[in-house]
Protein chains: 2
Amino acid sequence: MQESTLKTPGYSDETTKRQGNVYDANCPTRQLLDRIGDKWSVLILLLLGEHDMRFNELKKRIGGISQKMLSQTLRSLERDGLVCRHVIPTRPILVSYAITPLARELLSSLGGMMIWAETHMKEVRSAQERFDRNS
Amino acid sequence: MQESTLKTPGYSDETTKRQGNVYDANCPTRQLLDRIGDKWSVLILLLLGEHDMRFNELKKRIGGISQKMLSQTLRSLERDGLVCRHVIPTRPILVSYAITPLARELLSSLGGMMIWAETHMKEVRSAQERFDRNS
DNA sequence: CAGCATCCATGACGATACTG
DNA sequence: CAGTATCGTCATGGATGCTG
């Protein structure tokens, strides 16, 4: 994604229709990997899966995120229909973010991933050390 | 990760022990997201989940990957203990890659993700178009 | 066949400052 | 509080050419 625009770089109708082949460079499902791939989307979705949250709440809970990246990522997720933005017109304004039903389906796989990480990261680390010793 | 080294940038013993908090910037599980995050790891793991494959076989099946990225990603995956490299000493040499049991556990979550993508990408695209119209 | 080395562009991301 | 704008950095990854 470019810094200044959110537009999708245009798949042809032909490639858009052809679903299912993840390994095709033009397959729209590659977009999912791009979204999952960015540094923060998964973390945000996971948190919003717990309960709705306001901007600064998210910012506090996610260690190391800048507000630029938080707002940028939230907008991408909103654009994709994965996150819902709700403005509460108080003064000062409050903004609450929620996960959509669409994203909630994705969440179970995402959760599985993180559980795998938490339970197997030790094995990964020792594999890394073994690898580094023999090289 | 740097271009020239695979070394992990050193978490303190204290943070290494503390498992489970993905939202902590120093949590080792962030590594998983980094690995998942790179453009090709998931695709490679998914393919190797089908059956073992040789280098050029992978290259052919994954649209758009360069051999630089393929070999680089394979080495990272091997270092993490997710992929196993096996050299067949013929001439010319053949190299076969396989998934490890450790990675196979991860694969079910990854597979779930891709299925989600393949079934819901249409909704995502229409959400994007809706979003783009109102802005 | 299965890579490694090098060069280079782009874009992801962080830091900082400012606003309704 | 919840952002936007701008600037700079550095890593990601593509292209190309070479090797055992």
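Note on naming: letters A, B, ... go to the chains in the order of the sequence lines (proteins, then strands), and numbering restarts at 1 for each one.
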When you get a sec, tell me which of C:dG14, C:dC4, C:dA2 is the closest nucleotide to the side chain of B:Ser71?
C:dC4

In terms of side-chain heavy atoms of B:Val95, which of C:dC13, D:dT4, C:dG3 is nearest?
C:dG3

Tell me: CZ of B:Arg35 to P of D:dG13, nearest whole Å?
11 Å

Considering only heavy side-chain atoms of A:Lys68, the closest of C:dA15, D:dA2, C:dC1 is C:dA15

Side chain of B:Phe55 only, please: which of D:dC1, C:dC1, C:dG3 is the nearest?
C:dG3

Could you state the atom-to-atom distance from CE of A:Met53 to C1' of D:dA2 in whole Å?
16 Å

B:Gln72 CD - D:dT12 P separation (whole Å):
8 Å

Cluster overlap A:Val83 with A:Ile88, hydrophobic side-chain contacts below 4.5 Å:
no

Which residue pairs pass the side-chain hydrogen bond (donor to acceptor under 3.5 Å, both in side chains) test with at least one member in residues 46-62 of chain A, sequence neighbours excluded?
A:Glu50-A:Arg61

So which nucleotide from C:dG3, D:dT4, D:dG13 ends up closest to the side chain of B:Lys39?
D:dG13

Report the distance from atom CG of A:Leu70 to atom P of C:dC13, rounded to the nearest whole Å.
13 Å

Any idea which of C:dG3, C:dC1, D:dT4 is nearest the B:Tyr97 side chain?
C:dG3

May I ask you to decide if B:Gly81's main-chain N or O and B:Thr100's side chain share a donor-acceptor pair within less than 3.5 Å?
yes

Under 4.0 Å, counting only non-hydrogen atoms across every strand here, what does B:Arg54 touch: a base, just sugar-phosphate, or nothing?
sugar-phosphate

May I have the distance from B:Lys59 (atom NZ) to D:dG13 (atom P), rounded to whole angstrom?
15 Å

Is the backbone N or O of A:Arg35 less than 3.5 Å from a side-chain atom of A:Ser41, with the two atoms forming a donor-acceptor pair by type?
yes

Under 4.0 Å between a side-chain N or O of B:Arg75 and OP1 or OP2 of C:dA2?
no

Who pairs with A:Trp116 by ring-ring contact (aromatic ring centres under 6.0 Å, His included), at least two apart in sequence or on another chain?
A:His120

Heavy atoms from C-beta onward define the side chain here; which of D:dA2, D:dC7, D:dT16 lies closest to that of B:Gln67?
D:dT16

Between P of C:dA2 and CG of B:Leu58, the distance in whole Å
9 Å

Given D:dA2, D:dT6, D:dG14, identify the nucleotide with an atom nearest to the side chain of B:Trp40.
D:dG14

Specify the separation, in whole Å, of atom NE2 of A:His86 and atom C1' of D:dA2.
15 Å

5' priority, DNA chain C, between A:Ile93 and A:Gly37 [closest heavy atom]:
A:Gly37

For the pair made of CE in A:Met69 and P in C:dG11, what is the distance, rounded to whole Å?
14 Å

